[in-house]
Engineer: 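Next up is a structure, given as structure tokens.
Just so it is clear, the model here is predicted, and its values are computed rather than measured. One-based numbering along the sequence shown. No hydrogens, no waters, no symmetry mates; every other heavy atom, side chains included, goes into these values.
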Amino acid sequence: MPILIGLVALCVFFASQNGVFLTARNLSNLLVQSTVVGIMALGLMFVLLVKEIDLSIAAINGVTSVLMAKLIVQFGFSPWVAVPIAIILGAAIGTFSARWVTFVGVPSFVVTLGLGLALNGLQLILLPNTARYGLQGTGIETIAMTNISGLWAWLVLIVGILAYSALVISSAARQKRSGLEAPFLQSVAIPVAAASAFGIVVVYILTANQGIPLVVLIFAVLLGIGGYILKETPFGLYLYAVGNNDEAARRSGINVPRIKMAAYAIAGGIASLAGVIAASRTLGVGVFSGGGVGGGTLLLESIAAAVIGGVSLFGGRGSIHAALLGALVIGTVGNGLNLMGVENEVRLIVTGLLLVLAVSIDKLIEKATGQQAF
């Protein structure tokens, strides 16, 4: 609720400063602009849940997107082949990081920071002398240019509501089977009604412009899959268990290194997918891909989005909506300040302060409760 209230307050403030902010076109642009950071935050969330950090996700984003472009432009690969290769490579890099952390014992901060710098160097090596691969006409650009409009947009919404309803009902049924109270009103009716109302408003706004952007739909599908994994699968429970107390998790029979490797693999694969989407929006890749050397603002904003959305840096706490809410906060701040004509330097200052504030609140909650909660 604090995040929602803060997001509404930001929207009210920027709407009062510029009448363009609440137009359908600008809100659609805001959602599209938030997708890459949101998808990155979603992947990073799995790593944060097990009380680790991955500072190489921006570099994975960049190097895999450059490799994808090289395969398509220089070697003539089909996008249907090059994109899966990039995603699999991203997952493999994430697995390598986790294996180094869990079996060698080096802190994840050091491993992923060093690996990120190495990947930045590899990214520069993969680029041609022009330092850029153009992707216009390769088919990759259709990802960012595709919009679902008219009746199809509302059909997509109906499918989404039905899928979410099934997830909520399944969760309530599981609680009852475990002997826990699960009142229908609080457990099913209110969440489904709220999600339906939110979806109707979003689709109405988007169809008033050009329809549902495909990149937004991809983000929504990933959120749905992530929500199912975290709430309805043993793997999701293991993530929370490892993040709260890895030694207790190990003693209960959970393979802690394997869970961490899976979390890093998910983060790496999702970061690569975000790189593909970013490349489709910019119609190319280059030195700037993945935020540039060191991750640039992409790494900062990905971490900030996850933490602002409610994922704990200290492990074991966070919900799937964190990636969405955090990305919307970051996107709203950037979009609103741009409309106000504020310099980029101020946007970075505001984002950094929001990150520090979110982590500080998280630590205060931990001290007040005496323990970390799911």
Engineer: Any donor-acceptor pair under 3.5 Å linking the side chain of Asp246 with the backbone of Val242?
Structural biologist: no
Engineer: Keeping Asn61 on the side-chain end and Ile57 on the backbone end, is there a donor-acceptor pair under 3.5 Å?
Structural biologist: no
Engineer: Donor-acceptor pair, distance only, cut-off 3.5 Å: does the side chain of Thr23 make one with the backbone of Gly19?
Structural biologist: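 No, Thr23 side chain to Gly19 backbone: no donor-acceptor pair under 3.5 Å.
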Engineer: Would the distance check show the side chain of Asn209 and the main-chain N or O of Ser28 forming a donor-acceptor pair, the cut-off being under 3.5 Å?
Structural biologist: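 Checked: no pair found.
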Engineer: With rounding to the nearest 0.5 angstrom, report the CG to CZ distance, Leu157 to Phe198.
Structural biologist: 11.0 Å
Engineer: Knowing that exactly one of Leu113, Leu117, Leu115, Val110 qualifies, which makes a side chain to side chain contact (heavy atoms under 4.5 Å, CB included) with Leu55?
Structural biologist: Leu113
Engineer: I'd like to know if Leu4 and Val333 are part of one continuous hydrophobic network [Ile/Leu/Val/Met/Phe/Trp/Tyr, side-chain heavy atoms within less than 4.5 Å].
Structural biologist: yes
Engineer: With a 3.5 Å distance limit and no angle check, can you tell me whether Thr207 reaches the backbone of Tyr204 through a side-chain donor-acceptor pair?
Structural biologist: yes
Engineer: Within the distance-only criterion (no hydrogens, no angle test), does the side chain of Glu141 pair as donor or acceptor with the backbone N or O of Gly139 below 3.5 angstrom?
Structural biologist: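 Checking the backbone N and O of Gly139 against the side chain of Glu141, a donor-acceptor pair under 3.5 Å is found.
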Engineer: Quick one: pull up CE in Met68 and CG in Leu126 and give me the separation to the nearest 0.5 Å.
Structural biologist: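 Output value for this atom pair is 12.5 Å.
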Engineer: Ignoring hydrogens and geometry, is there a side-chain-to-backbone donor-acceptor pair from Thr146 to Ile143 under 3.5 Å?
Structural biologist: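 Looks like no, no N/O pair under 3.5 Å.
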Engineer: Among pairs that include at least one residue of residues 51-84, which meet ring pair (Phe, Tyr, Trp, His ring centres under 6.0 Å), considering only residues two or more places apart or in two chains?
Structural biologist: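 Residue pairs passing ring pair (Phe, Tyr, Trp, His ring centres under 6.0 Å), neighbours aside: none found.
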Engineer: Would you say Glu232 and Leu167 make side-chain contact, with heavy atoms under 4.5 Å?
Structural biologist: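 In contact.
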Engineer: With side chains defined as the heavy atoms from C-beta onward, is the minimum distance between Phe21 and Thr332 less than 4.5 Å?
Structural biologist: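 SC-SC contact between Phe21 and Thr332 confirmed.
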Engineer: For Lys70, look at atom NZ and say whether over 12 heavy atoms of other residues, nucleotides or ligands are found less than 6.0 Å away.
Structural biologist: yes
Engineer: Are Ile218 and Thr35 side-chain neighbours, meaning at least one heavy-atom pair lies under 4.5 Å?
Structural biologist: no
Engineer: To the nearest 0.5 Å, tell me how far Ile212 CD1 sits from Ile205 CD1.
Structural biologist: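 Here the rounded value is 12.0 Å.
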Engineer: Rounded to the nearest 0.5 Å, how far does CE of Met45 lie from CD1 of Ile270?
Structural biologist: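 Here the rounded value is 10.5 Å.
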Engineer: Applying side chain to side chain contact (heavy atoms under 4.5 Å, CB included) between Leu119 and each of Thr64, Ile93, Leu124, report the one that passes.
Structural biologist: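 Running side chain to side chain contact (heavy atoms under 4.5 Å, CB included) over Thr64, Ile93, Leu124 with Leu119 returns exactly one hit, Ile93.
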Engineer: Report, as yes or no, whether the 6.0 Å neighbourhood of atom CZ on Arg25 holds more than 12 heavy atoms from other residues, nucleotides or ligands.
Structural biologist: no
Engineer: What distance do Leu71 atom CG and Thr138 atom OG1 have between them, rounded to the nearest 0.5 Å?
Structural biologist: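 That separation rounds to 12.0 Å.
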Engineer: Considering residues, nucleotides and ligands other than Tyr228, do more than 12 of their heavy atoms fall under 6.0 Å from its OH?
Structural biologist: no
Engineer: Mark yes when over 12 heavy atoms from residues, nucleotides or ligands other than Met340 sit less than 6.0 Å from its CE; otherwise mark no.
Structural biologist: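 Enclosed.
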Engineer: Would you find a donor on one side and an acceptor on the other, under 3.5 Å apart, between the side chain of Ser97 and the backbone of Thr112?
Structural biologist: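 Not confirmed, Ser97 side chain does not pair with Thr112 backbone.
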Engineer: Treating Ser319 as the side-chain partner and His321 as the backbone partner, does any N or O pair qualify as donor plus acceptor under 3.5 Å?
Structural biologist: no
Engineer: Going by side-chain heavy atoms closer than 4.5 Å, which hydrophobic residues are tied to Phe103, directly or by a chain of links?
Structural biologist: Met261
Engineer: Please check this pair: side chain of Ser34 against backbone of Leu30, looking for a donor-acceptor N/O pair closer than 3.5 Å.
Structural biologist: yes
Engineer: First locate atom CZ of Phe219, then atom CG of Leu42, and finally report the distance between them rounded to the nearest 0.5 Å.
Structural biologist: 6.5 Å
